[in-house]
Amino acid sequence: MVSFKCPNCGGEMSVSRTGDLLCSYCGTKQVMSDAELQSYKDFRYRMLVYLSAIAAEPAPEATERIWAHADSVSFTAKDGSPIAVSYLFSGVRDGVRIYTARRNVLFVFPAGAGAQIERFRNMPKLLQYPPADVKGLSSYFPTVNGIFELKDGRTLVSVSKSEECFPLSAFGSLPAEHAAWIVSRLENLCCVLAFSDLAHGGIDMETVFINARTHEAYLPGGWWNAQPCPNGSVQDLRAVRSVAKRVMGMQYDQSAKAFRDFIKRAPAQDAYADFAEWDRVITEAFGGRQFRKLDLSNLKI
């Protein structure tokens with residue numbers, strides 16, 4: 001995946017219509033090379049074709065088409081066995097390289113990251129779910145299905161996912177109504193964290209995955225930062241707001257004032273109160289909870 005970080009503040013940079021990179025956080029501008037711009041346009045075009053298909057109707061053909069553009073990377077296991085991976089997107093979080101394969105998310109930890117790996121493996125096991133959990137919330141959190149020590153000292157950890165599930169950073173900027181349903185899902189996941197007395201500590205554009213057709217959000221990554229925390233973490237609620245602003249990019253300024261105010265305000269004292277406040281914002285900013293198919297008319301290559 002083509003990803004651009006602001007050299008000044010580290011935020012995600014958006015591509016303007018003139019081909020420049022613009023940081024919506026600090027205003028920094030950079031000029032892309034012709035090769036960088038073409039690479040971005042090729043990537044963005046593939047994502048728009050995919051989104052267009054799934055917005056119209058469930059389309060396995062769309063998934064097949066986008067996976068036809070997959071890249072590949074190879075690893076060598078400690079015992080010398082080759083490991084070949086086809087992936088669509090690649091990102092980095094806290095020194096951990098993240099590859100989005102077709103049915104798995106692969107996390108490549110650097111050598112000496114034993115403590116990170118142990119937290120990644122064990123913290124999700126501490127999650128607890130309300131007795132009335134009818135939504136199967138456990139499916140939105142990671143299930144490790146493989147750990148491979150590599151010859152160069154790194155460790156590859158594999159987590160299962162569905163074929164239609166992609167990192168949030170892959171979608172570029174999205175309209176406010178779609179940022180809103182992502183906030184709803186993440187607020188719900190924060191309530192699970194609070195119920196489990198856990199702080200995740202790594203909610204961002206690389207660690208949050210979504211299914212744009214079914215409007216589901218997943219949290220497979222970032223668990224190497226997780227730790228016990230009574231009633232959850234306000235930091236996670238701040239991170240949800242940061243994700244909302246970033247996913248809208250330059251469309252943030254055109255979003256409803258109530259939505260912008262929610263993003264600017266400090267979170268409530270806990271995830272449950274924050275979710276209740278978000279319910280109020282949904283009514284004020286969007287007229288209540290409504291399932292809106294993705295409208296591509298405002299999305300530009």
Side-chain angles (χ1 to χ4, degrees), residues 73-85 87 89-130 133 135-163 165-169 185-186 188-210 216-233 235-236 239-240 243 271:
V73 62
S74 298
F75 304 96
T76 302
K78 193 174 183 179
D79 64 3
S81 303
I83 301 174
V85 174
Y87 70 94
F89 309 112
S90 173
V92 178
R93 178 66 157 86
D94 301 326
V96 180
R97 172 66 64 175
I98 306 171
Y99 293 97
T100 302
R102 186 154 189 166
R103 296 180 181 87
N104 299 279
V105 187
L106 305 175
F107 301 89
V108 181
F109 290 84
Q116 283 182 302
I117 295 169
E118 283 304 302
R119 280 198 297 274
F120 184 83
R121 293 178 60 187
N122 294 322
M123 284 297 166
K125 297 177 182 178
L126 300 178
L127 288 167
Q128 301 178 48
Y129 304 95
D133 175 22
K135 296 183 179 180
L137 290 170
S138 62
S139 63
Y140 302 119
F141 296 100
T143 299
V144 174
N145 58 19
I147 299 178
F148 307 89
E149 294 184 17
L150 303 181
K151 192 173 183 178
D152 60 9
R154 295 181 296 168
T155 301
L156 187 155
V157 180
S158 175
V159 168
S160 58
K161 76 168 189 70
S162 71
E163 291 185 352
C165 187
F166 299 110
L168 192 51
S169 58
R185 304 302 176 266
L186 293 180
N188 198 8
L189 298 187
C190 282
C191 287
V192 175
L193 290 167
F195 187 80
S196 307
D197 290 333
L198 288 176
H200 182 270
I203 295 174
D204 69 6
M205 300 285 285
E206 298 294 344
T207 60
V208 172
F209 280 54
I210 65 169
E216 294 175 291
Y218 303 79
L219 193 54
W223 287 89
W224 46 85
N225 292 318
Q227 57 185 330
C229 181
N231 300 316
S233 169
Q235 177 188 348
D236 289 339
V240 171
V243 164

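FYI, the numbering just counts along the sequence from 1. From a predicted model like this one, the values you see are computed outputs, not experimental measurements.
- No donor-acceptor pair closer than 3.5 Å links the side chain of T207 to the backbone N or O of G222.
- For D94, the salt bridge (Lys or Arg N to Asp or Glu O under 4.0 Å) criterion is met by no residue, not counting sequence neighbours.
- K151 is linked by a salt bridge (Lys or Arg N to Asp or Glu O under 4.0 Å) to nothing, counting only residues two or more places apart in sequence or in another chain.
- Taking CD of E216 as the reference point, atom OG of S162 lies at 7.5 Å (rounded to 0.5 Å).
- For E149, the side-chain hydrogen bond (donor to acceptor under 3.5 Å, both in side chains) partners two or more places apart in sequence, or in a different chain, are K78.
- For F209, the ring pair (Phe, Tyr, Trp, His ring centres under 6.0 Å) test picks out no residue, with sequence neighbours left out.
- For F148, the side-chain contact (heavy atoms from CB on, under 4.5 Å) test picks out I83, L156, with sequence neighbours left out.
- Contact detail for G221 and H200: the closest heavy-atom pair is O-NE2, 2.8 Å.
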Side-chain donor-acceptor contacts of residues 103-112 below 3.5 Å, not counting sequence neighbours, with atom names and distances?
residue	atom	partner	partner atom	Å
R103	NE	E163	OE2	3.2
R103	NH2	E163	OE2	2.6
N104	OD1	N145	ND2	2.8
N104	OD1	S158	OG	3.2

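- For the side-chain contact (heavy atoms from CB on, under 4.5 Å) test, residues two or more places apart in sequence or in another chain that qualify with N231 are D197.
- Taken to the nearest 0.5 Å, the CG atom of L193 stands 7.0 Å off from the CG atom of L219.
- Remark: I210 CD1 to S169 OG distance equals 10.0 Å, nearest 0.5 Å.
- Considering only residues two or more places apart in sequence or on other chains, R119 meets the side-chain contact (heavy atoms from CB on, under 4.5 Å) condition with A115, Q116, M123.
- A side chain to side chain contact (heavy atoms under 4.5 Å, CB included) with I203 holds for exactly one of N225, L168, L189, V243; it is V243.
- Taken from CD in E206 to OG1 in T100, the straight-line distance is 8.0 Å, to the nearest 0.5 Å.
- The OG atom of S196 sits 8.0 Å away from atom CG of L126, with the distance rounded to the nearest 0.5 Å.
- Checked against the 6.0 Å centroid criterion, the rings of F120 and W224 qualify as a close aromatic pair.
- Within the 3.5 Å criterion, the main-chain N or O of A101 finds a donor-acceptor partner in the side chain of K161.
- For N122, the side-chain contact (heavy atoms from CB on, under 4.5 Å) partners are E118, K125, not counting sequence neighbours.
- With sequence neighbours excluded, no residue forms a ring pair (Phe, Tyr, Trp, His ring centres under 6.0 Å) with F195.
- Scored by the side-chain hydrogen bond (donor to acceptor under 3.5 Å, both in side chains) test, S74 finds no partners at all (sequence neighbours excluded).
- Residues R97 and S90 come closest through the heavy atom pair NH1-OG, 2.9 Å.
- Every salt bridge (Lys or Arg N to Asp or Glu O under 4.0 Å) that D152 has, sequence neighbours left out, goes to R154.
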